[in-house]
Number of protein chains: 2
Amino acid sequence: MKNYRNLLEESNLKTTPQRLAILKELDKQGHASIEEIYESIKEMFPSISLATIYKNINALKEEDVISEICLHHKPKFEIKKEPHAHFVCKKCGKVEDIPFNEIINEEIDKKYPNSQKELYIYGICKSCGNGNS
Amino acid sequence: MKNYRNLLEESNLKTTPQRLAILKELDKQGHASIEEIYESIKEMFPSISLATIYKNINALKEEDVISEICLHHKPKFEIKKEPHAHFVCKKCGKVEDIPFNEIINEEIDKKYPNSQKELYIYGICKSCGNGNS
DNA sequence: TTCTGTGCAAATCTTTTGCATGGCA
DNA sequence: TGCCATGCAAAAGATTTGCACAGAA
């Protein structure tokens with residue numbers, strides 16, 4: 001993936017250590033909530049403020065650097081990438097990205113042109129589904 | 001559709017005027033937020049409390065009478081029905097239910113058995129897309 | 001040097017909780 | 001009558017805002 005600095009330089013946002021840390025965290029976790037980002041960054045960066053996370057998440061969303069998703073109806077964020085669906089394991093909570101074309105009929109794009117799709121599949125992942133409770 | 005009273009009698013919840021009003025409102029609006037439900041019911045039922053709406057929405061969700069969805073990443077609720085996707089018009093905000101089988105490949109259920117799906121399509125509806133700005 | 005970003009504290013939602021009273025079964 | 005539900009007020013959580021200072025370009 002592109003480095004985080006480039007993502008910011010291509011947007012209208014200045015590069016700051018806080019923003020780099022947020023992007024790095026999102027990249028590492030894949031999908032994270034405000035609180036998860038905050039808790040994790042605070043360890044490396046104790047002076048960071050929750051308000052800064054909120055402001056930056058909103059700014060990054062505005063600039064289309066990241067996108068918001070709703071896992072179990074709670075807001076999470078991820079670095080923007082090709083449109084994809086999310087598989088969420090109901091047991092272990094693991095989240096996997098799935099390419100849309102594996103799931104959605106082709107005709108859908110003709111039927112609903114210029115549309116954005118959001119798809120979540122809540123099921124049991126392979127590791128959880130092997131007979132072990 | 002089934003009358004609201006039956007929906008409650010089949011659950012573990014007592015029938016109350018407030019609950020009937022919430023279900024009626026959801027049925028009428030199709031999809032509504034807590035605040036929308038509250039504002040609307042308050043007109044007919046001025047003494048109702050926001051806390052009552054919250055408690056009942058949670059109870060009804062728990063009993064599987066209603067389900068939660070996220071439109072534009074904001075929580076909304078609808079009376080439980082056959083699983084379906086949601087089409088949301090980006091211009092007028094109208095929400096339409098779409099049967100899953102019109103959209104999703106059959107194989108998906110083999111690939112992800114016992115899974116629940118949530119699909120949102122954000123596009124332009126027919127009335128908004130006819131050339132009129 | 002300029003302008004935007006940060007961090008703090010306060011303000012503003014949003015949602016939940018506890019408790020006394022009211023109402024369904 | 002016995003419980004559960006309601007409504008109020010307070011508490012708790014989540015998010016936004018204002019402002020002085022710091023830091024990127």
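In the text below, chain A, chain B and the rest are named by the order of the sequence lines, each starting its count at 1.
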query: Which whole-number value in Å describes the distance from A:I48 CD1 to D:dA22 P?
result: 18 Å
field: Minimum heavy-atom distance A:I37-A:A32, with the two atoms named
entry: CG1-CB, 3.8 Å
message: Could you go through B:I53 and B:I48, starting from their C-alpha distance and side-chain angles, then the distance that decides it, and tell me whether this counts as side chain to side chain contact (heavy atoms under 4.5 Å, CB included)?
response: CA-CA 8 Å; B:I53 310 278; B:I48 200 166; 3.9 Å; yes
- request: Check the distance between C:dC24's C1' and B:R19's CZ and give it to me in whole angstrom.
  value: 10 Å
message: Quick check for you: to the nearest 0.5 Å, what is the distance between A:I79 atom CD1 and A:K24 atom NZ?
response: 12.0 Å
- prompt: When you measure from the side chain of A:T15, which nucleotide among D:dT6, D:dA25, D:dG7 comes out closest?
  reply: D:dA25
message: Distance check needed: C:dG5 C1' versus A:F45 CZ, whole Å only.
response: 11 Å
task: Assign each of A:L13 and B:E35 to its nearest nucleotide of DNA chain C by heavy atoms, then name whichever residue's nucleotide is nearer the 5' end.
output: A:L13
message: If you compare every side-chain N and O of B:N58 against the phosphate oxygens of C:dT15 (OP1, OP2), does one of them come in below 4.0 Å?
response: no
field: Contact check, side chains of A:Y122 and A:H72, non-hydrogen atoms, under 4.5 Å
entry: yes
message: Whole angstroms only, please: what is the OH-P distance between B:Y38 and D:dT6?
response: 14 Å
statement: Taking for B:K14 and for B:S49 the nucleotide of DNA chain D with the nearest heavy atom, the one nearer the 5' end belongs to B:K14
statement: Taking D:dT6, D:dA5, C:dG7 as options, the one with an atom nearest any side-chain atom of B:N56 is D:dT6
Distance in Å, B:H84 NE2 paired with B:F100 CZ, rounded so as to fall on 0.5 Å steps: 8.0 Å
task: Calculate the interatomic distance between B:I53 atom CD1 and C:dT15 atom P; express it in whole Å.
output: 12 Å
field: Side chain of B:A51 - closest among C:dC24, C:dT15, C:dT16
entry: C:dT16
- request: Check if the side chain of A:K42 and the base of C:dG7 share a donor-acceptor pair of N or O atoms closer than 3.5 Å.
  value: no
field: A:K55 NZ to C:dA10 C1', straight-line distance once rounded to whole Å
entry: 12 Å
query: Looking only at side-chain N and O atoms, does B:Q18 come under 4.0 Å of OP1 or OP2 in C:dG23?
result: no
- prompt: To the nearest Å, how far apart are B:E9 CD and C:dA25 P?
  reply: 7 Å
Sugar-phosphate only, base, or nothing, as touched by B:T16 at under 4.0 Å among non-hydrogen atoms: sugar-phosphate
task: Find the distance B:E62:CD to C:dT16:C1' and express it as a whole number of Å.
output: 15 Å
